[in-house]
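These notes are about the structure you will find just below.
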Amino acid sequence: MEYDFRAIEQRWQANWKATEAYKVTEDASKEKFYVLDMFPYPSGAGLHVGHPLGYIASDVFARYKRHQGFNVLHPMGYDSFGLPAEQYAIQTGQHPAVTTEANVARYREQLDQLGFCYDWSREVRTSDPAYYRWTQWIFAELFESWYDAAADCAKPISALVEMLQSDGLGTAEPACDGDWWKALPEGEYPWDETFDGTLTADLWNACDAVAQSHILMQFRLAYLADSEVNWCPALGTVLANDEVKDGLSERGGHPVVRKRMRQWIMRISAFSQRLIDDLNGLDWTDSIKEAQRNWIGRSEGASVHFGIEGLPEHTIEVFTTRPDTIYGVSFMVLAPEHELVAAITTAEQKQAVTAYQTAAAQKSERERQGAGDHEVSGCFTGGYAVHPLTGKKIPVWIADYVLAGYGTGAIMAVPAGDERDWKFAKVYDLTIPAIFEGVDTDEAVYTEKDIALCSSGEFNGKTPVDAIPLAIAHLEEKGVGTGQINYRLRDAVFSRQRYWGEPFPIYYDGEIPQLIRDEQVTLPPVDAYLPTEDGDPPLARAKKEDWNVTRGDRMEYNTMPGWAGSSWYFLRYMDPHNADAFCDRAKSDYWGQVDRYVGGAEHGTGHLLYSRFWTKFLFDLDLIGFDEPFAKMINQGMILGRSSCVYRIEGTNRFVTFEQRKEHRTQRLHVDISLVRNDVLDLEGFKAWRPEFADAEFVLNEAGEYRCGNEVEKMSKSKFNVENPDDLVERYGADTLRCYEMVLGPLEQAKPWDTQGINGVHGFLRKLTRLYRNADGNVLITNGAPSAEAERALHKTIKKVTEDLDRLSWNTVVSAMMIGVNELTEAGCHERSVLQPLSAVLAPYAPHLAEELWEACGGEGSVVDAPWPKWDAEKLVESEVTYPVQFNGKVRFQLAVAATAAPADVEVAVLADERTAKQLDGRTPKKVIVGPGRIINIVG
RNA sequence: GCGGGUGUGGUGAAAUUGGUAGACACGCUGGAUUUAGGAUCCAGUGCCGCGAGGCGUGUGGGUUCGAGUCCCUCCACCCGCACCA
């Protein structure tokens with residue numbers, strides 16, 4: 001066979017394995033480079049052609065960097081905890097570990113045949129107890145830490161305790177979950193009426209151990225609290241905000257409702273500002289950075305306290321970004337769940353308010369978001385607030401457009417300047433005080449900040465831009481408000497009512513959670529993977545003897561969410577077998593940040609935010625030396641499937657060809673793409689595909705073919721459009737598939753999969769084999785001097801490939817190599833001095849074939865270690881050339897170029913005639929810089 | 001609505017700092033060859049036109065000797081987020 005890719009690829013893959021060609025160790029004499037793929041969840045379906053796209057790109061880059069002499073860390077592993085294996089367990093009783101093991105084996109097999117240069121000795125799996133032991137350890141560290149907002153850094157809780165014992169809280173500003181004293185049960189406050197909310201050393205020391213543990217819980221970075229969570233009844237678990245889309249679960253699309261539950265929560269909100277600020281130093285796409293900023297949702301404004309008529313001991317606290325419009329407040333709105341609603345509501349309104357609250361509570365998250373149209377609804381409480389500046393009575397309403405989860409769950413409504421407030425005022429006929437000079441806000445809302453205020457006391461005549469800081473100062477002076485920055489980012493719920501996840505290293509004494517640090521808690525076996533009859537998570541089914549550790553009254557039954565293990569895996573690769581630490585500090589100092597992180601943009605919020613959070617936390621504790629995980633990220637686009645469709649005449653088993661589909665009432669059915677070639681259906685194959693089509697009849701087109709329709713959509717089993725890499729590797733080989741996936745188009749762009757072009761790439765590799773071997777298999781390599789044309793082709797290729805890889809343009813590299821091989825073929829090149837460097841340039845894309853070429857050239861060892869060749873400008877020069885130059889589309893003249901100069905960047909005297917000078921509008925250029933066949937620049 | 005991005009042949013796309021637009025490949029057309037194949041090789045292929053020639057990078061304008069590239073206008077499409085006070 002001319003190009004026996006199967007034999008070549010098998011041979012070299014075995015060779016790499018035997019020589020451990022891709023094993024790397026720390027080496028202080030070499031500069032490091034860390035190339036990382038987002039590790040996959042090993043699903044039962046195996047890889048489709050979309051998966052390897054990013055892996056191939058990172059593999060090419062890792063190999064390139066290695067040729068350049070970097071010590072490249074390029075590992076792979078599996079995000080192996082997760083829902084599908086658990087759901088399979090619920091259906092079949094098979095332990096998720098067994099399912100996962102089988103899926104991992106399948107993934108590994110598929111990855112191996114593509115010839116990646118992963119150092120598999122560093123493989124990690126999040127579900128491996130030796131791995132999740134350290135996920136649990138990081139959780140324990142978070143539990144044992146608090147956030148010092150004054151120092152803007154996480155610190156050990158022991159430091160806080162010491163401080164409380166000796167000085168009290170003092171001026172320390174711990175990020176906390178509400179007011180610390182609310183942690184204590186009613187009637188157990190160790191203080192008297194002089195208590196003003198200050199946590200003094202005396203108070204702290206007067207608390208018993210239980211009270212102290214309740215107080216500390218308010219400050220821990222991993223804390224236990226009752227909170228409103230996204231509950232998905234169908235999945236039987238809570239979900240993080242980023243796992244919910246449009247009120248439906250991201251996985252499975254099940255409805256999500258809000259529910260109050262006691263949960264472990266991560267205090268990511270304490271890191272909000274740093275998570276925003278540090279985006280600036282990252283080389284990520286603007287859209288991902290912007291998505292992160294959106295998600296964190298910083299807004300500047302003021303917190304304002306409104307008094308309540310008849311309830312002097314309470315105030316309604318609101319957050320507003322427009323304190324300048326405070327004189328335009330004509331009503332207030334509380335979220336239906338707001339804690340003061342019951343107290344404010346009058347007897348007459350009680351029934352209506354309760355009815356409204358009940359209706360709001362019953363709405364699912366999806367209904368509440370209104371799916372587009374936001375219908376206004378609300379209910380008057382009968383109560384009134386007091387304007388902090390004017391002392392006027394302001395009616396208090398409840399409405400579900402005010403969200404309990406954002407800000408304080410209450411707003412001051414300024415209908416003149418806020419669209420929602422304006423709409424609400426119109427619907428319920430509330431007054432709209434005019435506060436903008438010359439603007440009739442009765443007709444339309446005015447949200448711009450460029451018109452002077454009026455009827456606004458001391459802000460009259462000032463534009464909002466100027467008035468906002470004044471308003472904050474004024475409110476602070478009056479003691480009714482403060483400037484404040486608010487974030488949309490909520491603390492992240494960390495408990496899942498699931499089996500297949502990391503168990504918490506936690507047990508309970510009564511209600512007090514206690515950490516287990518001396519022993520690892522591993523997942524106990526259970527008899528079923530469903531919640532108990534009492535609604536406890538599956539782990540509650542485990543009997544006492546099933547746990548490897550039991551302490552206190554009971555163990556924690558929740559498990560950690562999927563993002564726990566994936567938030568720090570990039571660190572474990574650096575030191576994967578360490579039994580004493582999550583990662584040795586010397587090793588993390590050596591490997592450092594991930595230099596290139598390659599993965600889909602769909603993980604742009606959740607995963608990245610959580611990883612950044614954990615990295616910053618570990619940095620604060622001085623466990624690692626950097627506070628951002630991924631210095632540069634590349635997001636590959638999704639590869640879409642191209643589905644094929646047939647058209648069945650309704651009520652019959654007759655199928656009409658694509659051209660005639662509109663002449664009948666037809667039903668469109670997806671057909672397996674393996675039965676279709678160039679849009680033409682294999683009729684016999686189709687009949688044999690499914691029993692119901694066995695007696696199908698066909699209406700063919702003029703060419704006597706059945707032509708299928710097609711559609712570009714996501715690859716999915718149900719659409720029969722999944723292209724599997726195994727078949728392509730079988731038919732064309734891994735090198736062809738690698739090159740083809742890269743040549744498909746720019747990496748970041750989403751694109752439909754189309755196998756038609758693969759022949760072109762395959763042909764290029766076949767042509768390449770002819771450079772070193774003839775049809776009989778005899779090696780043609782000679783030691784002779786290559787022709788100038790051959791050398792030029794080589795150096796052109798090196799230059800282009802190097803430059804394109806440096807600017808991360810993977811697709812154009814393949815074209816450059818094709819051109820190079822075409823030119824070498826034309827030049828009849830078989831010389832070692834050309835083909836050996838060529839093999840190094842090819843190695844990142846077609847590593848197997850490059851090894852063959854390297855070997856044929858008599859190269860030592862493996863091409864993997866070959867130094868990257870340098871291109872020589874002199875070799876690019878053609879011996880003597882006269883370049884015809886077309887100028888301004890009209891005038892032609894000649895440029896003589898010195899024989900020794902490289903035309904790409906040489907300055908050349910123009911032999912300009914008068915006509916040319918005229919064209920230049922009177923300017924006579926002194927010099928023109930030319931490239932081969934074109935003017936680069938005119939000087940003078 | 002807000003934010004990010006993209007518009008170039010029949011198709012995927014090149015064109016790195018403004019300098020021969022469409023490289024490279026798919027597809028298509030024609031030819032060669034052949035123990036008919038989803039093989040290989042050669043030639044052609046942006047559009048209009050027999051031709052000379054003209055027109056061409058979503059639209060309209062601008063800067064420039066020169067614009068796919070820079071600036072402004074509008075249009076179309078894609079992707080995020082979305083009652084966030």
Side-chain angles (χ1 to χ4, degrees), chain A residues 2 245-246 285-295 297-299 301 318-322 325 333 335 368-370 372-376 399-403 405-414 417-421 423-424 447 486-490 601-602 604-605 637-638 677-678 731 739-740 743-746 748-752 754-761 763-764 766 800 803-804 806-807 809 811-820 822 883-891 905 916-923 925 928-938:
Chain A
E2 206 180 11
K245 286 214 154 133
D246 300 326
T285 62
D286 289 338
S287 76
I288 293 228
K289 288 205 229 180
E290 203 50 42
Q292 296 251 316
R293 285 191 197 100
N294 272 343
W295 196 259
R298 178 193 154 106
S299 51
V318 300
F319 174 74
T320 176
T321 54
R322 295 293 301 275
T325 62
V333 186
R368 201 161 155 175
Q369 286 181 1
D373 288 323
H374 302 130
E375 277 176 36
V376 178
D400 62 7
Y401 82 86
V402 174
L403 307 173
Y406 183 76
T408 59
I411 60 155
M412 58 176 222
V414 183
D418 183 280
E419 209 157 327
R420 293 148 301 166
D421 298 346
K423 228 169 159 182
F424 195 80
T447 56
N486 220 2
Y487 300 92
R488 196 177 78 102
L489 183 66
R490 316 262 36 105
E602 64 272 18
T605 41
M638 204 187 310
R677 187 163 300 281
N678 292 342
R731 276 217 324 254
C739 291
Y740 185 58
V743 84
L744 226 44
E748 313 79 35
Q749 229 163 72
K751 53 221 155 198
D754 177 5
T755 319
Q756 287 194 322
I758 202 166
N759 278 325
V761 175
F764 145 67
R766 197 187 311 110
K800 178 76 174 152
E803 286 173 353
D804 284 355
D806 285 339
R807 66 186 176 104
S809 174
N811 53 326
T812 51
V813 170
V814 182
S815 304
M817 294 191 305
M818 287 185 186
I819 296 168
N822 281 340
Y883 292 98
V885 176
Q886 191 173 21
F887 197 78
N888 206 18
K890 284 183 179 114
V891 181
D905 49 3
T916 310
K918 242 184 224 168
Q919 282 297 325
L920 289 169
D921 198 22
R923 301 187 324 158
V928 175
I929 301 175
V930 299
R934 64 199 178 120
I935 298 177
I936 303 290
N937 200 5
I938 295 177

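Below, read A as the first sequence line, B as the second, and so on, with proteins coming before strands; counting in each chain starts at 1.
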Working to the nearest 0.5 angstrom, can you tell me the gap between [X] [atom1] and [Y] [atom2]?
| X | Y | atom1 | atom2 | answer |
| --- | --- | --- | --- | --- |
| A:L744 | A:K751 | CG | NZ | 5.5 Å |
| A:T447 | A:R322 | OG1 | CZ | 8.0 Å |
| A:Y740 | A:D754 | OH | CG | 5.0 Å |

Closest to the [X] side chain, choosing from [options]:
| X | options | answer |
| --- | --- | --- |
| A:D400 | B:C83, B:G3, B:A25 | B:C83 |
| A:S299 | B:C24, B:A85, B:U16 | B:A85 |
| A:T321 | B:A85, B:A25, B:C83 | B:A85 |
| A:L403 | B:C84, B:G80, B:G4 | B:C84 |
| A:T812 | B:C81, B:A15, B:A85 | B:A15 |
| A:M818 | B:C83, B:A15, B:C24 | B:C24 |

On the nucleotide [N], are OP1 or OP2 found under 4.0 Å from the side-chain N or O atoms that [X] carries?
| X | N | result |
| --- | --- | --- |
| A:R293 | B:G4 | no |
| A:R807 | B:A15 | yes |
| A:T285 | B:G4 | no |

[N] to [M] separation - [atom1] atoms, rounded to the nearest Å:
| N | M | atom1 | value |
| --- | --- | --- | --- |
| B:C2 | B:C47 | P | 41 Å |
| B:C83 | B:G10 | C1' | 47 Å |
| B:A52 | B:A36 | P | 43 Å |
| B:U40 | B:A25 | P | 14 Å |
| B:C28 | B:U35 | P | 24 Å |
| B:C55 | B:G4 | P | 38 Å |
| B:G18 | B:U69 | P | 11 Å |

Figure out the [atom1]/[atom2] separation between [X] and [N], and round it to whole Å.
| X | N | atom1 | atom2 | answer |
| --- | --- | --- | --- | --- |
| A:Y487 | B:A85 | OH | P | 13 Å |
| A:D804 | B:A14 | CG | P | 10 Å |
| A:N294 | B:G80 | CG | P | 13 Å |
| A:R488 | B:G3 | CZ | C1' | 13 Å |
| A:K800 | B:A23 | NZ | P | 14 Å |
| A:N811 | B:A14 | CG | P | 5 Å |
| A:Q756 | B:G27 | CD | C1' | 7 Å |
| A:R420 | B:C2 | CZ | C1' | 13 Å |

Only Watson-Crick and G-U wobble pairs, only distances under 3.5 Å, only runs of 3 or more: what stems does that leave for RNA chain B?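 Listed by first number, the stems are B:1-7 with B:75-81, B:10-12 with B:24-26, B:27-32 with B:40-45, B:46-48 with B:53-55, B:60-62 with B:70-72.
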Closest to the 5' end of RNA chain B, once A:F319 and A:I288 are matched to their nearest nucleotides, is A:I288
Select from A:D286 and A:D421 the residue whose nearest nucleotide in RNA chain B is closer to the 5' end of that strand. A:D286
Would you indicate what [X] reaches in the nucleic acid, counting non-hydrogen atoms under 4.0 angstrom: base, sugar-phosphate, or nothing?
| X | result |
| --- | --- |
| A:N822 | sugar-phosphate |
| A:R490 | nothing |
| A:E803 | base |

Side chains of [X] and [Y] in contact at under 4.5 Å (non-hydrogen atoms):
| X | Y | result |
| --- | --- | --- |
| A:R807 | A:T812 | yes |
| A:Y401 | A:I411 | yes |
| A:M818 | A:V761 | yes |

Under a 3.5 Å distance rule, please check whether A:R298 uses its side chain to pair with a backbone N or O of A:R293 as donor and acceptor. no
Short side-chain to backbone donor-acceptor contact, A:N486 and A:S299, under 3.5 Å: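 Judged by distance alone, no pair lies under 3.5 Å.
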Suppose we screen for side chain to side chain contact (heavy atoms under 4.5 Å, CB included). Which residues come up paired with A:A601, at least two apart in sequence or across chains?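 Counting only residues at least two positions away or on another chain, A:A601 forms a side chain to side chain contact (heavy atoms under 4.5 Å, CB included) with A:I288, A:N635.
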More than 12 heavy atoms of other groups within 6.0 Å of A:E803 CD: yes
Looking only at heavy atoms, which two atoms of A:G409 and A:V402 are closest? And how far apart?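 So the minimum-distance heavy-atom pair works out to O-CG1, 3.6 Å.
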Could you go through nucleotides 8-12 of chain B and list every protein N or O atom that sits under 3.5 Å from one of its N or O atoms, giving the distance for each pair?
from, atom 1, to, atom 2, distance (Å)
B:G12, O2', A:L744, O, 2.3

Classify the angle between the aromatic ring planes of A:F319 and A:Y406 as parallel (below 30°), tilted (30 to 60°) or perpendicular (above 60°). perpendicular
Is B:G9 syn or anti, taking syn as a glycosidic angle within 90° of 0?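 Chi for B:G9 falls in the syn range.
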